[in-house]
Protein chains: 2
Amino acid sequence: MGACKEQNYCAYQNTDVFTDETFQLLKDIMYSQKIEKDQYLFLDDDTANKLYYVKHGQIKITKMNEEGKELVLYIFQDGDLIGELANSGEARYSFSAKAARDTEVGVIQQKDLETLIWQHGNVAVEFMRWMGIMHKITRSKFRDLMLYGKNGALCSTLIRLSNSYGRMTADGIVLSNKFTNTELAELVGTSRETVNRMLSQLKKENVIKTNKDGTIVIADLAFLKEACHCEDCPKEICRV
Amino acid sequence: MGACKEQNYCAYQNTDVFTDETFQLLKDIMYSQKIEKDQYLFLDDDTANKLYYVKHGQIKITKMNEEGKELVLYIFQDGDLIGELANSGEARYSFSAKAARDTEVGVIQQKDLETLIWQHGNVAVEFMRWMGIMHKITRSKFRDLMLYGKNGALCSTLIRLSNSYGRMTADGIVLSNKFTNTELAELVGTSRETVNRMLSQLKKENVIKTNKDGTIVIADLAFLKEACHCEDCPKEICRV
DNA sequence: TTCTTGGTGTGATTTTTATCACACATAATG
DNA sequence: CATTATGTGTGATAAAAATCACACCAAGAA
């Protein structure tokens with residue numbers, strides 16, 4: 001796993017923790033499922049007895065509040081594994097998973113995985129690593145979104161996006177994916193207008209710019225890091 | 001483990017996921033360490049190669065921001081296990097752990113635990129359960145602190161405190177522990193004054209009251225649940 | 001082409017939250 | 001006892017963020 005570990009700005013897959021052997025075992029027990037853009041892979045409160053491996057596409061893990069606002073907790077993409085090792089037979093998802101574009105996933109039954117874990121000690125250990133990383137991602141976002149206001153939250157989100165979608169160019173780091181202000185707002189936990197105003201300000205200060213096609217270019221990463229008091233977490237943690 | 005699972009308002013210990021056999025194995029590899037109130041068990045950025053079992057006392061996991069404000073992520077107490085299964089040899093803590101009162105912990109060396117995990121398949125599985133629960137706690141707090149403003153954040157924190165410290169009485173749920181407004185503010189991610197004003201309001205609406213000794217009594221749990229759109233998570237998750 | 005849709009950019013206003021300032025408790029200490 | 005701490009309660013004000021309103025733009029559909 002991990003074809004491009006040495007390269008700058010190459011998105012980490014959270015399955016990079018698995019050895020090729022383990023990953024092959026996982027592949028053997030997964031079956032394929034296609035899911036169209038804007039469809040839900042699972043819903044908040046559904047029975048949680050599967051894990052999903054994203055073959056290609058994009059899945060957003062979201063929490064809807066009562067007023068209809070969405071908070072996007074993670075964006076998973078090619079090579080990522082989604083789900084939890086449920087603590088008992090009757091676990092439920094506490095979030096929803098929505099395809100942000102046409103996606104193909106490999107479905108892994110909880111039970112099949114459990115068998116694998118019992119049979120292969122190293123699979124268990126690798127899964128513990130994976131779980132540890134996923135938890136670190138959550139905690140680091142928690143910190144970023146709570147500690148330095150909405151501006152710090154936006155700046156940290158831009159840094160995370162640069163790790164997940166960035167490509168180094170002469171201009172700076174180009175985010176290969178387009179994000180609307182609304183989408184950014186859902187990642188940051190703020191309103192569309194606030195994101196727009198903060199982005200305008202960042203443009204004015206030459207921290208970022210936008211290409212004609214609407215993609216964002218980060219010209220001054222250091223400024224963003226300063227704004228959220230970045231702790232330079234490894235890229236497997238600092239992601240959306 | 002889990003002497004009082006059926007009882008109302010009896011704090012869950014996060015080690016309740018372990019079987020007695022596993023727990024005995026853990027006890028066999030831990031050694032004791034005493035730590036005085038206000039001392040740190042570990043600091044942000046220290047090498048993370050140990051886990052800690054709280055024998056008795058109280059440990060707060062905190063994140064300090066640059067302006068000196070503290071965010072309290074968890075409060076661990078008797079029977080709780082603290083730490084992470086590090087993903088490699090060179091992990092570091094991303095938070096600090098401070099004794100909120102005189103505390104005795106059992107120290108578990110990462111390496112000893114790893115040996116245990118390799119030798120006993122069920123230890124691995126139980127640790128995965130434990131990790132899963134810890135992650136769920138983090139995610140549910142994330143939701144609570146982000147989604148319904150500072151008032152929702154305070155109300156959810158009061159509910160969590162009721163699960164961790166509550167005792168049922170005729171008056172309502174008494175929190176057996178005293179918390180200053182500042183301590184609550186650190187749990188909620190707001191200022192001392194804002195907590196004070198929100199608590200005053202809740203008192204006026206007869207949702208809570210305070211005893212002479214300063215402890216809080218929750219008279220109207222339903223009101224608090226409404227304020228944060230509580231999803232009635234199990235008590236092992238809904239804790240501070 | 002025109003119309004619709006989804007997105008951007010920005011003023012004006014309101015609401016929420018933080019900050020400052022200080023009076024007043026109460027407990028701990030010499 | 002007086003004297004420090006530490007904590008509470010609240011007004012006044014400032015700052016941050018959300019909300020409302022609307023002009024404008026670009027892409028795609030009719």
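Letters A, B, ... mirror the listed sequences (proteins, then strands); counts begin at 1. On a predicted model such as this, the values are computed, not experimentally measured, just so you know.
Among the heavy atoms of the strands, none lies under 4.0 Å from B/Lys212. Using a 4.0 Å heavy-atom criterion, one finds that B/Lys178 contacts no nucleic acid atom at all.
For A/Leu202 and C/dG9, the CG to P distance is 13 Å, given to the nearest whole Å. Taking atom NZ on B/Lys209 and atom C1' on D/dT8, their separation rounds to 20 Å, with Å as the unit. Atom P of nucleotide C/dT16 and atom CD of B/Glu193 are separated by 18 Å, given to the nearest angstrom. Look at CG on A/Asp213: it is 15 Å from C1' on C/dT8, rounded to the nearest Å. One can place NZ of B/Lys204 at 11 Å from C1' of D/dT10, the figure rounded to the nearest angstrom. Straight-line distance from the CD1 atom of A/Ile208 to the C1' atom of C/dT8: 13 Å, rounded to whole Å. For the pair B/Arg197 CZ and D/dT13 P, the computed distance is 13 Å after rounding to whole Å.
Considering A/Arg139, A/Lys136, A/His135 as possible partners of B/Thr138, the one that fulfils the side chain to side chain donor-acceptor pair (under 3.5 Å) test is A/His135. In summary, of the residues considered (B/Lys98, B/Lys63, B/Arg92), a salt bridge (Lys or Arg N to Asp or Glu O under 4.0 Å) with B/Asp44 occurs for B/Lys63 alone.
The minimum heavy-atom distance linking A/Asp78 with A/His56 is given by the pair OD1-CA, 3.3 Å. Heavy atoms only, all atoms of each residue included: A/Ile237 and A/Ser140 are closest at CG2-OG, 3.7 Å. Closest approach of A/Leu224 to A/Val207, counting heavy atoms only: CD2-CG1, 3.7 Å.
Under a cut-off of 6.0 angstrom, the local environment of CD in B/Glu67 is crowded, with over 12 non-hydrogen atoms contributed by other residues, nucleotides or ligands.
Two rings, from B/Phe76 and B/Tyr52, have their centers 6.0 Å or more apart. Aromatic pair B/Phe95/B/Tyr74: centroids not less than 6.0 angstrom apart.
Evaluation of atom-type donor-acceptor distances gives no pair under 3.5 Å for the side chain of B/Arg192 against the base of D/dT6.
Contact check, A/Asn196 against C/dG9: a side-chain N or O comes under 4.0 Å of OP1 or OP2. Contact between the side-chain N/O atoms of A/Ser191 and the OP1/OP2 oxygens of D/dT19 is not found at any separation under 4.0 Å. One finds no side-chain N or O of B/Thr194 lying less than 4.0 angstrom from the OP1 or OP2 phosphate oxygen of C/dT16.
Near DNA chain D, meaning a heavy atom under 4.0 Å away, the residues from residues 180-189 of chain B are B/Thr180, B/Asn181. Within residues 145-159 of chain B, the residues approaching DNA chain C are B/Gly149, B/Lys150, by heavy-atom distance under 4.0 Å.
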Show, in sequence, the C-alpha distance, side-chain angles and deciding distance for A/Thr47 and A/Asn49, and conclude whether the side chain to side chain donor-acceptor pair (under 3.5 Å) test is met.
CA-CA 6 Å; A/Thr47 307; A/Asn49 53 11; 5.8 Å; no
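When distances are taken from the side chain of B/Lys69 to each of C/dT19, D/dA17, C/dG11, the shortest belongs to C/dT19. Checking D/dG9, D/dT10, C/dG9 against every side-chain atom of B/Lys203, the shortest atom distance belongs to D/dG9.
No hydrogens or angles considered: nothing links the side chains of B/Arg143 and A/Ser94 as a donor-acceptor pair under 3.5 Å.
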